[in-house]
Visitor: 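I have a structure I would like to understand better, so I am pasting it below and will then ask my questions one at a time.
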Amino acid sequence: MAQPDRDEHWIRRALDLAAAGLGRVAPNPMVGAVLVQGDKVISEGYHTRFGGPHAEVVAIEQAGPRARGAELFVSLEPCCHHGKTPPCTEAILAAGVRRVVVAVTDPFPEVAGRGLAVLKEAGVEVRAGVLEAEARRLNAAYFKRQATGLPLIIAKWAMTLDGRMADAAGDPDVHRDWISSEESRRRVHEVRRIVDGVLVGARTVEVDRPRLTVRHVEPLTERGQPTRIVLDSTLGTDPKREPAASAGDVPVLIYTTAEALEAKGDRAAALREAGCEPVAVPAGPGGVSLEAVLRDLGRRGMSRVLVEGGARIFGSFFAAGLVDRVMVFVSPKVLGGAGALGPVTGPDARTLAETIQVKDFAASRVGPDLLIEGRLGEF
């Protein structure tokens with residue numbers, strides 16, 4: 001007999017365990033599992049690294065013979081196919097688990113409900129869909145990539161109270177003060193270390209010469225530094241300046257057009273010599289086709305990409321409906337300059353009735369700054 005409150009309690013624990021795999025298991029989903037006898041936890045497990053044992057197997061191996069007759073609460077449908085590891089359904093049946101409760105079914109084509117069907121056919125009691133919305137949010141990047149082939153896009157910027165992202169200075173040799181606090185910058189680096197790529201436009205590279213690496217915190221040993229991604233339709237990136245200058249140590253992808261590669265063969269060769277990988281994609285409004293870029297990143301196995309600017313890049317992403325999450329740091333400062341830059345430059349024809357609504361809106365303090373986060377679309 002279903003026990004909704006009890007099932008939700010243990011599934012929530014499984015989701016909490018799963019979250020410990022953030023940044024460590026991609027492109028696999030994060031999964032947590034709890035084995036329970038009565039109201040007592042026998043064992044717990046989560047997927048700790050890509051290619052490692054799945055959460056269910058970790059919990060079952062910890063439990064040993066105590067797993068017989070137990071209930072298994074897991075945040076994602078158990079797999080039923082041979083991949084990097086054997087099927088979890090085999091381990092569940094061999095252990096004698098009597099009941100399995102899952103938060104959400106796995107959209108991966110080789111599973112997609114088959115895992116639950118295998119268990120049911122073997123006489124295991126099965127329940128699915130407990131805290132499904134929470135489970136989908138936790139693994140939004142996985143669900144998006146399975147549904148669309150594209151990575152989850154997080155747009156991040158810092159701005160003043162009056163909505164300015166940078167002052168009017170454009171000389172890259174002039175020191176530019178930070179808008180956000182040291183605490184906010186550390187938070188950004190915490191996000192950088194769990195994403196697959198950090199994306200900027202050619203103008204940001206020209207003006208800021210950003211390294212785009214994880215520095216304020218230690219990179220995760222499972223993934224190292226994120227790939228740096230530059231959108232540069234005219235192939236103006238200087239191979240002797242960041243981020244291209246360090247491409248021998250941390251990968252740099254430069255998305256441009258076939259026309260630019262042909263017209264600037266020497267520049268393309270110099271970038272390759274520096275360690276960059278120029279990639280030709282079709283042209284799009286005002287630059288390269290963003291969807292073509294994201295589709296290529298998805299083919300490369302990327303699940304999460306952090307977009308860090310500038311204003312035209314943000315405007316293009318928003319106009320194309322390609323932003324999934326926003327992460328905005330608001331500093332308690334007022335710049336007030338007429339020539340100072342706002343964070344998003346988009347179509348002038350947009351009206352208030354056409355504004356993009358942020359869902360699951362949340363605000364928190366990070367040092368002296370206000371961090372605003374939210375979701376824009378399905379994922």
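Atoms considered below: every heavy atom in the structure, side chains included; atoms not considered: hydrogens, waters and symmetry mates.
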Visitor: So if you build clusters from Ile, Leu, Val, Met, Phe, Trp, Tyr with side-chain heavy-atom gaps below 4.5 Å, do Phe329 and Leu212 land together?
Guide: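 Yes, Phe329 and Leu212 fall within the same hydrophobic cluster.
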
Visitor: Got a donor-acceptor contact below 3.5 angstrom from the Arg295 side chain to the Gly149 backbone?
Guide: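 It does not hold such a pair.
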
Visitor: Could you list the donor-acceptor pairs under 3.5 angstrom formed by side chains in residues 268-281, with sequence neighbours left out?
Guide:
from	atom 1	to	atom 2	distance (Å)
Glu277	OE1	Arg300	NH1	3.3
Glu277	OE2	Arg300	NH2	2.9

Visitor: Within a 6.0 Å radius of atom CZ on Arg312, are there more than 12 heavy atoms belonging to other residues, nucleotides or ligands?
Guide: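 Not more than 12 within 6.0 Å, no.
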
Visitor: Would you sort out whether Arg6 and Asp39 count as a salt bridge (charged side-chain N to carboxylate O under 4.0 Å, His left out), showing the intermediate values?
Guide: CA-CA 9 Å; Arg6 179 175 176 276; Asp39 287 323; 3.2 Å; yes

Visitor: Test side-chain contact (heavy atoms from CB on, under 4.5 Å) on Cys88 and Val57 and set out the steps.
Guide: CA-CA 6 Å; Cys88 290; Val57 172; 4.1 Å; yes

Visitor: Would you mind reporting whether Pro243 and Val230 have side-chain heavy atoms less than 4.5 Å apart?
Guide: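 Yes, their side chains come closer than 4.5 Å.
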
Visitor: I want to check something: taking the side chain as every heavy atom from C-beta on, are Pro53 and Glu61 in contact at a cut-off of under 4.5 Å?
Guide: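 Result no, sub-4.5 Å side-chain heavy-atom pair not found.
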
Visitor: Counting only N and O atoms by type, is there a donor-acceptor contact under 3.5 Å from the side chain of Arg98 to the main-chain atoms of Gly69?
Guide: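 Judged by distance alone, yes, a pair lies under 3.5 Å.
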
Visitor: Please check if the side chain of Ser289 supplies one atom and the backbone of Gly284 the other of a donor-acceptor pair under 3.5 Å.
Guide: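 Absent.
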
Visitor: Is there a side-chain contact between Ile313 and Thr204 in this structure, where contact means two heavy atoms from C-beta onward sitting under 4.5 Å apart?
Guide: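 No - every pair of side-chain heavy atoms lies 4.5 Å or more apart.
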
Visitor: Does any pair with a residue in residues 257-314 pass ring pair (Phe, Tyr, Trp, His ring centres under 6.0 Å), and if so which ones, sequence neighbours excluded?
Guide: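 The answer is Trp157-Phe314.
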
Visitor: Quick one: do Val217 and Arg193 satisfy side-chain contact (heavy atoms from CB on, under 4.5 Å)? Show the steps, please.
Guide: CA-CA 8 Å; Val217 294; Arg193 73 174 181 168; 3.8 Å; yes

Visitor: Please identify each residue that fulfils side-chain hydrogen bond (donor to acceptor under 3.5 Å, both in side chains) with Glu222, with sequence neighbours left out.
Guide: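 Arg24.
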
Visitor: Can you find a heavy atom in the side chain of Arg192 that is under 4.5 Å from one in the side chain of His216?
Guide: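 Side-chain contact under 4.5 Å: no.
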
Visitor: Provide the closest heavy-atom pair for Val358 versus Gly374 in the form atom of the first, atom of the second, distance.
Guide: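 Closest approach of Val358 to Gly374: CG1-CA, 3.5 Å.
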
Visitor: When you measure from the side chain of Arg325 to the backbone of Glu373, do you find a donor-acceptor pair of N or O atoms at a distance under 3.5 Å?
Guide: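 Answer holds: no.
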
Visitor: If you group Ile, Leu, Val, Met, Phe, Trp and Tyr by side-chain heavy-atom gaps below 4.5 Å, do Met165 and Leu199 land in one group?
Guide: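 Met165 and Leu199: one cluster.
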
Visitor: Salt bridge (Lys or Arg N to Asp or Glu O under 4.0 Å) with Arg186: which residues, sequence neighbours excluded?
Guide: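 Arg186 satisfies salt bridge (Lys or Arg N to Asp or Glu O under 4.0 Å) with Glu190 only.
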
Visitor: Can you tell me if Arg241 uses its side chain to pair, donor with acceptor, with the backbone of Glu206 under 3.5 Å?
Guide: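 Between the backbone of Glu206 and the side chain of Arg241 there is no qualifying donor-acceptor contact (under 3.5 Å).
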
Visitor: Does anything in residues 40-50 pair up under salt bridge (charged side-chain N to carboxylate O under 4.0 Å, His left out), and if so which pairs, sequence neighbours excluded?
Guide: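 Listed by first then second residue: Arg13-Glu44.
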
Visitor: Can you name the closest pair of heavy atoms from Glu71 and Arg99 and give their distance?
Guide: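 Looking at all heavy atoms of both residues, the closest pair is OE2-NH1, 2.8 Å.
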
Visitor: Does a side-chain heavy-atom distance below 4.5 Å link Glu259 with Ser233?
Guide: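 Answer no - side chains too far apart.
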
Visitor: Please check: side-chain N/O of Arg215 versus main-chain N/O of His189, any donor-acceptor pairing under 3.5 Å?
Guide: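 No, the answer is negative, given that no donor and acceptor are paired below the 3.5 Å cut-off.
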
Visitor: Rounded at 0.5 Å granularity, tell me how far CG in Leu290 sits from CG in Leu150.
Guide: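 Rounded to the nearest 0.5 Å, the CG-CG separation comes out at 11.0 Å.
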
Visitor: Please report the shortest heavy-atom distance between Asp196 and Arg223, naming the atom on each side.
Guide: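 So the two residues come closest at OD1-NH1, 2.9 Å.
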
Visitor: Say you draw a straight line from CG of Leu161 to NZ of Lys333; how long is it, rounded to the nearest 0.5 Å?
Guide: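 These two atoms lie 10.5 Å from each other.
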
Visitor: Do Asp369 and Pro332 have side chains that get closer than 4.5 Å, going by heavy atoms?
Guide: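 Result yes, sub-4.5 Å side-chain heavy-atom pair found.
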
Visitor: Which heavy atom in Ala247 sits nearest to a heavy atom in Val252, and how many Å separate them?
Guide: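 Shortest heavy-atom separation between Ala247 and Val252 comes out as CB-CG2, 3.8 Å.
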
Visitor: For the pair Gln225 (side chain) and Val214 (backbone), establish whether a donor and an acceptor sit closer than 3.5 Å, ignoring hydrogens and angles.
Guide: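 Such a contact is found between Gln225 side chain and Val214 backbone.
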
Visitor: Answer whether the closest heavy-atom distance between the side chains of Glu56 and Val31 falls below 4.5 Å.
Guide: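 Of all side-chain heavy-atom pairs linking Val31 with Glu56, at least one is under 4.5 Å.
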
Visitor: Atom CG in Leu17, atom CE in Met30: separation rounded to 0.5 Å?
Guide: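 With rounding to 0.5 Å, CG (Leu17) is 12.5 Å from CE (Met30).
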
Visitor: Would you indicate whether Asp360, at its atom CG, is surrounded by more than 12 heavy atoms from other residues, nucleotides or ligands within a distance under 6.0 Å?
Guide: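 Check passes, neighbour count above 12.
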
Visitor: Could you tell me whether a side-chain N or O of Ser75 sits under 3.5 Å from a main-chain N or O of Gly32, the two making a donor and an acceptor?
Guide: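 Pair found, side chain donor or acceptor close to backbone of Gly32.
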
Visitor: Locate the shortest heavy-atom distance separating Leu297 from Leu253; write the atom from each residue and the value.
Guide: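 Smallest interatomic distance, heavy atoms only, reads CD2-CD1, 3.8 Å.
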
Visitor: Identify, with sequence neighbours excluded, every residue that meets side-chain contact (heavy atoms from CB on, under 4.5 Å) alongside Val323.
Guide: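 Per chain and number, Val323 pairs via side-chain contact (heavy atoms from CB on, under 4.5 Å) with Ala155, Phe317, Phe318, Val326, Leu376.
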
Visitor: Is it true that a side-chain atom of Asn28 and a backbone atom of Phe50 form a donor plus acceptor pair closer than 3.5 Å?
Guide: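 No.
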
Visitor: Hey, any chance Leu152 and Phe108 share a hydrophobic cluster, counting ILVMFWY side chains that come within less than 4.5 Å of each other, even indirectly?
Guide: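 Yes, because Leu152 and Phe108 connect within a single hydrophobic cluster, where side-chain heavy atoms sit under 4.5 Å apart.
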
Visitor: For Ala260, does its backbone N or O pair with a side-chain atom of Thr257 as donor and acceptor, under 3.5 Å?
Guide: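 Looks like yes, one N/O pair under 3.5 Å.
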
Visitor: For Val334 and Thr160, run side-chain contact (heavy atoms from CB on, under 4.5 Å): C-alpha distance rounded to whole Å, both residues' side-chain angles, the deciding distance at 0.1 Å, then the answer.
Guide: CA-CA 6 Å; Val334 176; Thr160 60; 5.9 Å; no

Visitor: Counting only heavy atoms not in Glu262, do more than 12 sit closer than 6.0 Å to its CD atom?
Guide: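 Atom CD in Glu262 is not crowded, with 12 or fewer foreign heavy atoms closer than 6.0 Å.
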
Visitor: Give the minimum heavy-atom separation between Arg164 and Leu335, together with the two atoms involved.
Guide: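 Answer, listing the atom of Arg164 first, then Leu335: CB-CD2, 3.8 Å.
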
Visitor: Can you measure from CD (Glu77) to CG (Leu116) and round to the nearest 0.5 angstrom?
Guide: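 Interatomic distance, Glu77 CD to Leu116 CG, rounded to 0.5 Å: 4.0 Å.
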
Visitor: Look at the rings of Phe73 and Trp10 and say which category their plane angle falls in: under 30° parallel, 30 to 60° tilted, over 60° perpendicular.
Guide: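 If you compare the ring of Phe73 with that of Trp10, the planes turn out tilted.
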
Visitor: Begin from the C-alpha positions of Glu183 and Arg187 and carry the test salt bridge (charged side-chain N to carboxylate O under 4.0 Å, His left out) through to its verdict.
Guide: CA-CA 6 Å; Glu183 294 91 337; Arg187 179 68 63 86; over 6 Å; no

Visitor: Val205 and Ile254: same hydrophobic cluster, using ILVMFWY side-chain contacts below 4.5 Å?
Guide: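 Yes, same cluster.
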
Visitor: Quick check: is Leu76 connected to Val58 through a chain of hydrophobic side chains (ILVMFWY, heavy atoms under 4.5 Å apart)?
Guide: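 Result: no, two separate clusters.
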
Visitor: What's the separation between atom CD in Glu134 and atom CG in Asp16, rounded to the nearest 0.5 Å?
Guide: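 Answer rounded to 0.5 Å: 11.0 Å.
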
Visitor: I'd like to check Lys264 versus Thr256 (side-chain heavy atoms, cut-off strictly below 4.5 Å). Are they in contact?
Guide: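 Sidechains of Thr256 and Lys264: no contact.
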
Visitor: Supply the atom-to-atom distance Arg137 CZ to Leu15 CG, rounded to the nearest 0.5 angstrom.
Guide: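 Answer for the CZ-CG pair, Arg137 versus Leu15, is 10.0 Å.
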
